[in-house]
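Remarks on the structure that follows.
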Number of protein chains: 2
Amino acid sequence: METRPKVTIDDVARTAGVAKSTVSRIINNAPGVKPVTRLKVNRVIEELGFTPNIVARSLKTKLRRQIALAIDDIRNPYYPELAWGAEQVAKQNNFRLVLINHYGNPSEELAVIKEASDMHVDGIVLLSISHPKTLSKIIKKANVPVTLIGNYEDDMPADTVGLRENEGYMAMDHLIRIGRRRIAYAGNMTVHRGARYAAYEQSLASHFMEFDSALVYTGERLAIDTGLEAARYFYNLNEIPDAVFAANDLVAIGVVQGLIDLGLRVPEDVAVVGIDNIPWCNLTRPKVSSVSNLVAEMGRIAVERLLLRIDDEARAFERITLEPRLIVRESTVKQR
Amino acid sequence: METRPKVTIDDVARTAGVAKSTVSRIINNAPGVKPVTRLKVNRVIEELGFTPNIVARSLKTKLRRQIALAIDDIRNPYYPELAWGAEQVAKQNNFRLVLINHYGNPSEELAVIKEASDMHVDGIVLLSISHPKTLSKIIKKANVPVTLIGNYEDDMPADTVGLRENEGYMAMDHLIRIGRRRIAYAGNMTVHRGARYAAYEQSLASHFMEFDSALVYTGERLAIDTGLEAARYFYNLNEIPDAVFAANDLVAIGVVQGLIDLGLRVPEDVAVVGIDNIPWCNLTRPKVSSVSNLVAEMGRIAVERLLLRIDDEARAFERITLEPRLIVRESTVKQR
DNA sequence: CTGTTAGCGCATTCAG
DNA sequence: CTGAATGCGCTAACAG
């Protein structure tokens with residue numbers, strides 16, 4: 001760039017014949033400036049194409065109007081949504097978002113917090129994978145506020161916004177509520193520390209429905225082909241299930257596809273529900289019912305909280321827990 | 001935060017009993033400091049937990065060590081990869097990435113450039129959707145360098161890194177090279193301004209293969225179900241094609257699934273190739289061959305160029321054009 | 001209502 | 001090799 005000598009507040013003041021404090025007042029919309037002067041100065045600003053140097057301003061005000069979003073890897077399918085939600089709120093408040101991938105590397109993750117004050121950010125939204133104890137220590141040392149995404153104990157010195165981990169129960173509830181009585185499980189036993197599979201067993205139990213191990217299909221990866229295999233497996237049972245609870249949407253998509261290819265009708269013969277509500281749920285025929293974990297929402301709320309705290313550091317830390325949301329589509333309820 | 005009074009370079013200088021210029025030299029690894037003093041000061045820095053205030057430094061040096069990545073919407077499936085590639089290089093060079101979504105809103109997109117100098121960034125990687133003429137004008141007015149992602153004319157005052165738009169030809173070439181002679185097309189006629197369909201017709205022509213309109217299946221959306229429909233359509237032809245060129249991976253995935261469900265073997269009976277190389281290509285059985293548009297690579301190169309230019313504004317503008325890369329997987333060539 | 005003054009925290013001359 | 005002084009561009013008292 002031709003390093004066009006950037007015009008400063010002094011230039012404006014000089015050519016307008018006023019003090020730079022007056023210019024400062026004007027560009028900050030401060031009250032107590034005669035309309036005439038304001039007009040005159042504004043004209044000069046326009047002419048010279050002056051825009052305030054935000055770095056200098058930040059040095060003075062300590063406000064950088066930037067927050068960091070630190071996640072492990074933007075390529076993880078949830079994070080674009082998260083980043084998007086976060087950016088929406090940031091933009092509304094005239095803040096920018098700095099993206100930092102820590103790649104699940106604890107030392108790097110902690111470095112992010114440590115360096116934050118030296119970076120151009122006023123706060124951090126952090127999706128951590130570190131041990132809470134360590135995390136807590138580091139956050140205390142930080143000199144910018146941190147909002148954590150996830151569920152934490154009360155003693156964590158940060159605002160947190162997490163998701164209630166009952167997606168599995170919501171999915172099962174849905175199937176039961178639409179009258180299904182022979183519900184199968186497709187996925188693995190370990191997803192989300194086993195919570196989703198546990199939800200399967202416990203939902204059956206709490207509704208006094210019998211558990212039949214023949215209705216559980218576990219595959220290796222939680223991907224489409226596992227779903228396809230599951231469909232074939234269920235099809236060959238003596239008694240075909242009337243519903244399938246899939247551990248995630250990929251599996252659900254596979255199950256739906258597999259069942260249809262085998263000549264069954266979805267949802268009439270078998271209802272299928274997945275979890276995560278990935279965009280793909282809308283791209284299949286029939287569209288797949290799912291439970292949304294509200295990622296964009298989490299991003300939005302996290303930034304909202306962070307901005308509030310930046311504004312007022314003394315507030316009590318908040319614990320926000322979102323409820324997953326059931327998204328009913330064609331794979332469980334016939335629609336037109 | 002308890003606004004712990006941040007320790008400054010003065011504090012360090014005072015408690016170490018040296019001038020702050022000496023401290024400055026040390027933290028910047030400048031030569032000409034007696035090892036003893038260096039050691040002593042470093043110890044104090046450690047004790048006090050001093051870290052330089054980057055805002056103040058930026059005010060002085062004019063270097064902010066941040067670049068902006070301006071795209072239309074991070075939720076677009078390509079951008080996470082792009083952002084990832086960009087962030088890799090940025091991080092290596094100790095730069096941060098500021099994420100800006102302009103939502104395909106030209107005025108906002110241009111505002112990004114205008115404001116850039118006021119923001120905490122030293123340059124911008126921009127994926128624009130504005131008219132080149134307008135874009136060119138704005139870039140000239142900007143006071144930070146811009147690197148554009150895309151293909152532009154020589155008069156565009158910015159470095160550019162684009163992709164050669166021959167993905168279609170590469171896909172077709174592959175099918176022809178593995179000996180297929182009855183190649184079908186599945187997708188629509190308009191994707192990428194019709195380039196992909198054009199590649200289908202022209203590849204046939206240049207290889208003296210006959211064009212048969214019965215082998216063209218066009219659906220509405222470029223999604224899985226279109227692929228499934230296409231598979232059914234091809235299956236019902238008098239003579240089934242021995243290969244399918246799908247306009248994108250979603251369609252390809254659908255075609256593969258559909259054909260297999262109809263009892264055909266992929267790739268033995270029908271080879272299928274898609275375009276875009278989305279992560280899902282690896283999640284199906286068989287895995288789907290595709291042509292990668294090297295998104296992460298583009299991000300990497302764009303940032304590399306930008307950093308070079310930030311370093312030396314006088315360099316001639318560069319035009320970089322990447323060649324799409326064919327990724328051969330199981331849907332076209334039997335593997336073990 | 002407006003001007004003067006004094007830093008924000010650092011890098012960088014220029015003298016010693 | 002080190003210290004003292006200056007200013008980056010802006011905001012915020014404090015006076016007028």
E47(A)/R43(A) salt bridge by N-O under 4.0 Å criterion: no

Separation of atom CD1 in I54(B) from atom C1' in dG9(C), rounded to whole Å: 12 Å

Toward the 5' end of DNA chain C, by each residue's nearest nucleotide, D10(B) or P35(A): P35(A)

Side chain to side chain, L82(B) and I149(B), heavy atoms closer than 4.5 Å: yes

Touch class at under 4.0 angstrom, heavy-atom based, for K62(A) against every strand present: sugar-phosphate

Sugar-phosphate, base or nothing in reach of T8(A), heavy atoms under 4.0 Å: sugar-phosphate

Between P of dA11(C) and CG of N28(B), the distance in whole Å: 4 Å

Heavy-atom donor-acceptor pair, S21(B) side-chain to dA4(D) base, under 3.5 Å: yes

Heavy-atom donor-acceptor pair, K60(A) side-chain to dG7(C) base, under 3.5 Å: yes

Atom-to-atom span, NZ of K20(A) to P of dT4(C) - whole angstrom: 11 Å

Closest heavy-atom pair and its distance - I74(A), A83(B): CG2-CB, 4.4 Å

Donor-acceptor pair, side chain of T37(B) and main chain of V33(B), under 3.5 angstrom: no

Separation of dT5(C) C1' from R25(A) CZ (nearest whole Å): 12 Å

Residue closer to the 5' end of DNA chain D, V18(B) versus T61(A) (nearest nucleotide): V18(B)

Touch class at under 4.0 angstrom, heavy-atom based, for S58(B) against every strand present: nothing

T22(A) side chain near dG3(C) phosphate (N/O to OP1/OP2, under 4.0 Å): yes

Interatomic distance, I26(B) CD1 vs dT2(D) C1' [rounded to whole Å]: 10 Å

From dG3(D), dT2(D), dG3(C), nucleotide with atom closest to T37(B) side chain: dT2(D)

Pairing of D122(A) and R65(A) as salt bridge, 4.0 angstrom limit: no

Nucleotide dC8(D), atom P - distance to CG of N53(B) in whole Å: 18 Å

For atom CG of L59(B) and atom C1' of dG9(D), their distance in whole Å: 6 Å

Rounded distance in Å - CD1 (I9(A)) to C1' (dA12(D)): 12 Å

